[in-house]
There are 2 protein chains.
Amino acid sequence: MSDITPPARCGDLFASGCPSREVLKHVTSRWGLLILVALRMGTHRFSELRRRIDGVSEKMLAQTLQWLEGDGFVLRVSYPEVPPRVEYSLTDAGIEVSERVAALALWIEADLPRVLAVRRRQHEAG
Amino acid sequence: MSDITPPARCGDLFASGCPSREVLKHVTSRWGLLILVALRMGTHRFSELRRRIDGVSEKMLAQTLQWLEGDGFVLRVSYPEVPPRVEYSLTDAGIEVSERVAALALWIEADLPRVLAVRRRQHEAG
DNA sequence: CAGCATCCAAGAAGATACTG
DNA sequence: CAGTATCTTCTTGGATGCTG
């Protein structure tokens with residue numbers, strides 16, 4: 001290809017103008033993280049994700065999936081059937097982020113007892 | 001101690017009622033992640049963090065620091081001086097989350113060129 | 001300097017109804 | 001089933017002014 005690709009340096013999350021902040025926002029959004037973790041177990045349909053991720057609305061699930069698709073983390077495959085079927089899966093990049101994201105999620109889940117203990121102590125101390 | 005400690009099982013982020021969602025929210029909040037990463041390089045004063053984290057307001061910095069302190073990730077030490085000086089650092093738990101969080105942040109920064117390329121391709125195809 | 005209180009705007013999120 | 005469109009509600013976040 002002959003197009004003159006721009007520098008494409010690495011991002012800097014500490015700089016307010018850097019586009020990497022957008023990506024971070026999508027990945028760490030309320031539902032983005034849970035979607036990425038859920039998709040680690042394989043391809044899922046829209047309604048499967050909806051059931052798996054307790055509390056998410058149709059609208060936010062669709063929107064967040066579109067964000068993640070736009071960043072190249074999620075692959076959306078639509079089958080021309082009736083009734084319609086759409087399957088979501090992770091791209092290679094998606095697998096990589098989801099590893100980092102899952103590591104964080106699992107750690108937080110495992111750490112919960114400590115947080116609760118800290119909170120109780122603070123509550124008692126007033 | 002004689003207090004009957006409750007089960008304190010691990011959290012489940014997929015359950016909407018689980019308190020671990022709160023912790024996740026604090027850690028992955030707009031500024032929470034950047035604060036944790038910034039504090040990995042050692043103790044910082046309030047104003048230092050403010051300068052380091054481009055775009056954060058005083059209010060949100062203070063609020064997010066309080067969240068992280070409440071979860072036991074950040075230690076706040078106030079010196080009784082004039083003018084006042086307050087120093088923030090990571091607790092042991094804070095060091096552990098920050099490792100996961102930093103891994104994610106660094107990966108996203110490094111991955112930015114790919115995201116930008118994907119976006120351009122979609123824009124052209126658009 | 002650190003940070004709280006107040007007010008206000010912007011955006012996220014939910015409920016509902018509708019479409020291919 | 002897998003969404004979109006619309007409306008409404010709530011939360012996030014920023015600006016400002018004030019205090020110890």
Side-chain angles (χ1 to χ4, degrees), chain A residues 13-19 21-36 38-39 43-71 74-89, chain B residues 13-19 21-35 38-39 43-71 74-89 126:
Chain A
L13 285 169
F14 284 103
S16 65
C18 182
R21 286 228 176 145
E22 277 287 303
V23 181
L24 182 72
K25 184 177 172 181
H26 299 161
V27 169
T28 63
S29 68
R30 181 163 183 192
W31 307 113
L33 184 139
L34 294 177
I35 290 173
L36 289 172
L39 287 179
T43 299
H44 284 75
R45 299 184 59 170
F46 186 86
S47 51
E48 289 172 349
L49 287 172
R50 182 126 161 65
R51 275 189 298 274
R52 177 85 178 95
I53 301 171
D54 190 23
V56 70
S57 66
E58 286 184 8
K59 176 186 163 184
M60 290 315 297
L61 181 56
Q63 183 176 109
T64 310
L65 281 168
Q66 284 172 17
W67 289 341
L68 296 175
E69 191 193 358
D71 291 341
V74 164
L75 183 67
R76 179 185 185 276
V77 179
S78 172
Y79 296 90
E81 304 173 355
V82 175
R85 186 169 102 249
V86 179
E87 295 193 335
Y88 294 92
S89 58
Chain B
L13 286 169
F14 284 104
S16 65
C18 181
R21 286 228 176 144
E22 277 287 302
V23 181
L24 182 72
K25 184 177 171 182
H26 299 161
V27 169
T28 63
S29 67
R30 183 164 182 193
W31 307 112
L33 185 140
L34 294 178
I35 289 173
L39 287 178
T43 299
H44 284 75
R45 301 184 58 171
F46 187 86
S47 52
E48 289 171 349
L49 287 172
R50 182 128 159 65
R51 274 188 297 274
R52 177 85 177 95
I53 302 172
D54 191 22
V56 70
S57 67
E58 287 184 5
K59 175 186 164 183
M60 291 315 299
L61 181 56
Q63 184 176 105
T64 310
L65 282 168
Q66 282 173 17
W67 288 341
L68 296 175
E69 190 192 0
D71 292 340
V74 163
L75 183 67
R76 179 185 185 277
V77 179
S78 172
Y79 297 90
E81 304 173 356
V82 176
R85 185 169 102 249
V86 179
E87 295 194 334
Y88 294 92
S89 57

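Proteins come first, then strands; the chains are lettered A, B, ... in the order of their sequence lines, and each starts at number 1.
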Undergrad: With nearest nucleotide decided by heavy atoms, which residue, A:P83 or A:Q63, maps closer to the 5′ end of DNA chain C?
TA: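 Nearest-nucleotide comparison on DNA chain C picks A:Q63.
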Undergrad: When the ring planes of A:F46 and A:Y88 are compared, do they come out parallel, tilted or perpendicular, using 30° and 60° as the limits?
TA: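 Rings of A:F46 and A:Y88: tilted, as their planes differ by 30° to 60°.
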Undergrad: Would you say a side-chain N or O of B:R45 is under 4.0 Å from OP1 or OP2 of C:dA2?
TA: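 For B:R45, the contact criterion (side-chain N or O under 4.0 Å from OP1 or OP2 of C:dA2) is met.
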Undergrad: As a test of reading the structure: which of D:dG17, D:dG20, C:dG14 is closest to the side chain of B:E58, going by heavy atoms?
TA: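 The closest nucleotide is D:dG17.
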Undergrad: Without decimals, in angstroms, what is the distance between B:R85 CZ and C:dC1 P?
TA: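 About 13 Å, once rounded to whole Å.
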Undergrad: Between A:K59 and B:Q66, which is nearer to the 5' end of DNA chain C once each is assigned its nearest nucleotide?
TA: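 Closest to the 5' end, via its nearest nucleotide, is B:Q66.
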Undergrad: Are A:S29 and A:T64 packed together at the side-chain level, in the sense that at least one heavy-atom pair is separated by less than 4.5 angstrom?
TA: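 Of all side-chain heavy-atom pairs linking A:T64 with A:S29, at least one is under 4.5 Å.
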Undergrad: Can you figure out which of D:dG3, C:dG3, D:dG14 approaches the side chain of B:A62 most closely?
TA: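 Nearest to the side-chain atoms of B:A62, counting from C-beta on, is C:dG3.
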Undergrad: What integer distance in Å separates B:H26:NE2 from D:dT11:C1'?
TA: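 Taking NE2 of B:H26 and C1' of D:dT11, I get 13 Å after rounding.
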Undergrad: May I ask you to verify if any side-chain N or O of A:K25 is less than 4.0 angstrom from the OP1 or OP2 atom of C:dA12?
TA: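 Yes, within the criterion.
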Undergrad: May I ask you to say whether A:R85 pairs ionically with A:E87, meaning some side-chain N is under 4.0 Å from a carboxylate O?
TA: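 Yes, this pair counts.
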Undergrad: Closer than 4.0 Å, any side-chain N/O of A:R50 to the OP1 or OP2 of D:dA2?
TA: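 Checking A:R50 against D:dA2: no side-chain N or O falls below 4.0 Å of OP1 or OP2.
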Undergrad: Can a side chain N or O of B:S29 be found less than 4.0 Å away from OP1 or OP2 on D:dT12?
TA: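 Answer is no, no contact under 4.0 Å.
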Undergrad: Does B:S57 make a side-chain N or O approach to OP1 or OP2 of D:dG13 shorter than 4.0 Å?
TA: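 No, outside the criterion.
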Undergrad: So which heavy atom on A:V56 is nearest to which on A:L61, and how close?
TA: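 Taking A:V56 first and A:L61 second, the nearest heavy atoms are CG2-N, 3.8 Å.
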Undergrad: What is the separation between atom CD1 on B:I35 and atom P on D:dG13, rounded to the nearest whole Å?
TA: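 For the pair B:I35 CD1 and D:dG13 P, the rounded distance is 11 Å.
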Undergrad: Measure from CD on B:E22 to P on D:dT11 and round the result to the nearest Å.
TA: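 Atom CD in B:E22 sits about 12 Å away from atom P in D:dT11.
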Undergrad: Between A:R30 and D:dT11, is there a side-chain N or O to OP1/OP2 distance below 4.0 Å?
TA: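 False: A:R30 side-chain N/O out of range (4.0 Å or more) of D:dT11 OP1/OP2.
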Undergrad: With a non-hydrogen cut-off below 4.0 angstrom, is A:Y88 in contact with a base, only sugar-phosphate, or nothing?
TA: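 Result for A:Y88 = sugar-phosphate.
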Undergrad: Would you indicate what A:E48 reaches in the nucleic acid, counting non-hydrogen atoms under 4.0 angstrom: base, sugar-phosphate, or nothing?
TA: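 It contacts nothing in the nucleic acid.
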Undergrad: Of the candidate nucleotides D:dC1, D:dG3, C:dA2, which contains the atom at the shortest distance from the side chain of A:R76?
TA: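 Taking heavy atoms from C-beta onward, the closest nucleotide is D:dG3.
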Undergrad: Please confirm whether the shortest side-chain N or O distance from B:W67 to OP1 or OP2 of D:dT12 is below 4.0 Å.
TA: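 B:W67 to D:dT12 OP1/OP2: no side-chain N or O under 4.0 Å.
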